[in-house]
**Student:** 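Sharing a structure below in structure tokens format, with a few things to ask.
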2 protein chains.
Amino acid sequence: MPKAIYDMIYRDLKEKIETEQYAYQELLPSEHNLISLYGCSRNTVRRALAELASEGYIQSMQGKGVRNIYQPVDQNAYTVGGIESFKEASRRNRRMSVTRVLQFTELTPQIAEGSVYEYLEEELGMNIVTSKRTLTVEHVTQVDEKYIDLKGYNCMAVITSQTFNDEGVQFEYTQSRHHPDYFQFQDVAVRKKSGAMEGSLKTELRLAGA
Amino acid sequence: MPKAIYDMIYRDLKEKIETEQYAYQELLPSEHNLISLYGCSRNTVRRALAELASEGYIQSMQGKGVRNIYQPVDQNAYTVGGIESFKEASRRNRRMSVTRVLQFTELTPQIAEGSVYEYLEEELGMNIVTSKRTLTVEHVTQVDEKYIDLKGYNCMAVITSQTFNDEGVQFEYTQSRHHPDYFQFQDVAVRKKSGAMEGSLKTELRLAGA
DNA sequence: GCCGATTTGTCCGTATGTATC
DNA sequence: CGATACATACGGACAAATCGG
């Protein structure tokens with residue numbers, strides 16, 4: 001739990017944006033004013049702003065100011081943040097989730113039925129840091145058809161991820177398969193002045209409920 | 001074209017990592033050493049490192065150092081950076097691409113056959129800044145089937161994107177539909193100390209060739 | 001078109017805190 | 001314990017873009 005100043009400012013501004021205390025397309029107070037408001041240095045304000053920009057909340061324009069470009073996402077979407085377990089995501093979205101363990105090795109079924117992430121973090125004191133994900137669309141398998149009513153689709157959205165702990169070792173490889181009707185993935189990209197690519201931060205997705 | 005110092009350092013380190021001048025899992029020189037190497041301030045070095053971390057190239061560990069966790073992506077993947085036109089992406093990946101204009105309104109067909117982004121940026125001097133994308137899996141349409149051999153799939157990967165220019169106005173809405181066999185989307189997420197989510201930066205995807 | 005005020009962008013040096021070894 | 005490493009924060013400087021007079 002970071003009590004860092006920049007993080008508090010970041011969350012405060014984020015909240016103000018989400019609750020429309022700053023209107024869409026409106027300019028936020030200038031960095032100079034934010035410094036007065038929060039009583040901190042410019043770097044600290046800028047760090048909070050940078051975070052919001054990378055998540056597509058704001059857009060800062062040299063010589064002009066910082067504009068709120070946040071638009072709320074579909075309320076029906078089942079939202080999952082960056083690295084988060086299915087169980088955490090379910091709780092956050094207040095939906096029922098049931099995990100059925102179909103095949104298993106290594107860990108005990110009891111742990112998997114709860115939350116593997118929870119087990120790794122709380123019981124083993126492991127520190128999850130970086131996750132790399134790949135998203136593809138694949139043909140359904142017999143296992144898919146057996147457990148999920150695909151309603152005519154013959155494909156599923158498949159996310160594979162490698163997770164690294166704080167010692168840089170990859171300790172997990174996951175594949176999750178999602179029903180097309182309940183799947184949605186969002187991201188934000190910011191174009192660098194270089195002319196090419198780069199960016200993105202907030203990622204969300206919609207999942208099948210069980 | 002940014003000639004910013006942090007950007008040059010960022011690109012230099014990125015290159016050294018990609019060409020394995022720093023081995024996988026190896027520690028990079030400490031920030032202190034990098035300061036000597038590049039003859040700049042610590043902030044500047046740290047900004048370059050932050051960029052690399054957000055793209056999943058490195059992982060910095062307080063008290064230990066900065067570890068290279070870069071692993072090259074599938075060479076067969078058709079890679080597209082953040083905000084980039086299909087034509088730019090094709091050129092970068094040295095593949096043939098043909099654009100067939102099926103339906104049309106507003107812009108002229110000639111422009112679309114070339115590159116709409118090119119037209120907007122070079123001819124109109126427009127400045128593309130932020131792009132929000134949503135990825136879903138959808139049933140094929142009659143149009144899909146008419147122009148693309150789906151080889152048995154009855155779904156496609158669909159990306160819709162809203163693009164904003166430097167004045168914060170959304171000026172474009174695009175939907176692109178991709179053949180499952182030629183589609184891949186990658187991202188990186190970094191877990192905040194807060195305990196929850198957040199992160200991702202490098203995004204790539206594999207596309208259908210025409 | 002110029003000039004000055006405002007605003008964001010880049011960079012520096014320094015200080016202090018915290019984690020690792 | 002001390003040395004090393006990254007994390008956070010401050011204050012100052014100058015550049016670059018914008019806007020109004």
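Chain letters run A, B, ... following the sequence lines, proteins first, then strands; residues in each count from 1.
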**Student:** Starting from P on D:dC10, measure out to CG on A:Leu34 and report it in whole angstrom.
**Tutor:**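 Going from A:Leu34 (CG) to D:dC10 (P), I get 13 Å.
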**Student:** In terms of side-chain heavy atoms, does A:Asp144 have a donor or acceptor partner in A:Thr141 at a distance below 3.5 Å?
**Tutor:**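 There is such a pair between these side chains.
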**Student:** Rounded to the Å, how far apart are B:Gln59 CD and D:dC6 P?
**Tutor:**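 After rounding, the gap between these two atoms is 13 Å.
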**Student:** From OH of B:Tyr38 over to C1' of C:dC12, roughly how many Å is that when rounded to an integer?
**Tutor:**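 One finds 18 Å between C1' of C:dC12 and OH of B:Tyr38, rounded.
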**Student:** Tabulate atom names and distances for all N/O pairs under 3.5 angstrom spanning the protein and nucleotides 13-15 of chain C.
**Tutor:**
unit_1	atom_1	unit_2	atom_2	d
C:dG13	O6	B:Asn43	ND2	2.9

**Student:** Any side-chain N or O of B:Tyr6 below 4.0 angstrom from OP1/OP2 of C:dT10?
**Tutor:**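 Indeed, a polar side-chain atom of B:Tyr6 lies that close.
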**Student:** Parallel, tilted or perpendicular: which fits the ring planes of A:Tyr182 and A:His179, with parallel below 30° and perpendicular above 60°?
**Tutor:** perpendicular
**Student:** Could you state the atom-to-atom distance from CZ of B:Arg47 to C1' of C:dC11 in whole Å?
**Tutor:**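 Answer to the nearest Å: 10 Å.
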**Student:** Do B:Glu18 and B:Tyr57 have side-chain atoms, one donor and one acceptor, less than 3.5 Å apart?
**Tutor:**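 Per modelled atom types, B:Glu18 and B:Tyr57 side chains form a pair under 3.5 Å.
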**Student:** Could I get a table of every N or O pair under 3.5 Å where one atom is in the protein and the other is in nucleotides 2-7 of chain C?
**Tutor:**
unit_1	atom_1	unit_2	atom_2	d
C:dT7	O2	A:Gly63	N	3.3

**Student:** Please examine the side chains of A:Ile159 and A:Phe183, heavy atoms only from C-beta on, and report whether any two atoms are closer than 4.5 Å.
**Tutor:**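 They are in side-chain contact.
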**Student:** Does OP1 or OP2 of C:dC12 have a side-chain N or O of B:Thr44 closer than 4.0 Å?
**Tutor:**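 Checking C:dC12 against B:Thr44, a side-chain N or O does come within under 4.0 Å of OP1 or OP2.
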**Student:** Report which part of the nucleic acid A:Ile5 touches: base, sugar-phosphate, or nothing (heavy-atom distance under 4.0 Å, all strands).
**Tutor:** sugar-phosphate
**Student:** Take atom CD in B:Gln21; do more than 12 heavy atoms of anything else shown fall under 6.0 Å from it?
**Tutor:**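 Yes, the 6.0 Å shell around CD holds more than 12 heavy atoms from other groups.
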**Student:** Once you round it to whole Å, what is the distance between P of C:dC11 and CD1 of B:Ile35?
**Tutor:** 14 Å
**Student:** Taking pairing as Watson-Crick or G-U wobble with both contacts under 3.5 Å, can you name the mate of D:dC1, or confirm there isn't one?
**Tutor:** none
**Student:** For the CG atom of A:Leu49 and the CG atom of A:Leu13, what is their distance to the nearest 0.5 Å?
**Tutor:** 6.5 Å
**Student:** Is any NZ, NE, NH1 or NH2 atom of the basic residue among B:Lys14 and B:Glu51 found under 4.0 Å from an Asp or Glu carboxylate oxygen of the other?
**Tutor:**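 Salt bridge between B:Lys14 and B:Glu51, a charged N being under 4.0 Å from a carboxylate O: no.
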**Student:** Let me know the distance between OH of A:Tyr10 and P of D:dT8, rounded to the nearest Å.
**Tutor:**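 In whole Å, D:dT8 P lies 14 Å from A:Tyr10 OH.
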**Student:** Can you tell me how far P of C:dT10 sits from CZ of B:Arg46, to the nearest Å?
**Tutor:**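 Roughly 17 Å, once rounded to whole Å.
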**Student:** Between B:Arg177 (side chain only) and B:Val158 (backbone N and O only), is there a donor and an acceptor less than 3.5 Å apart?
**Tutor:** no
**Student:** Is it true that A:Lys16 and A:Asp12 have a side-chain N and a carboxylate O under 4.0 angstrom from each other?
**Tutor:** yes
**Student:** Taking CZ from A:Arg67 and P from D:dT18, how many angstroms apart are they, rounded to a whole number?
**Tutor:** 12 Å
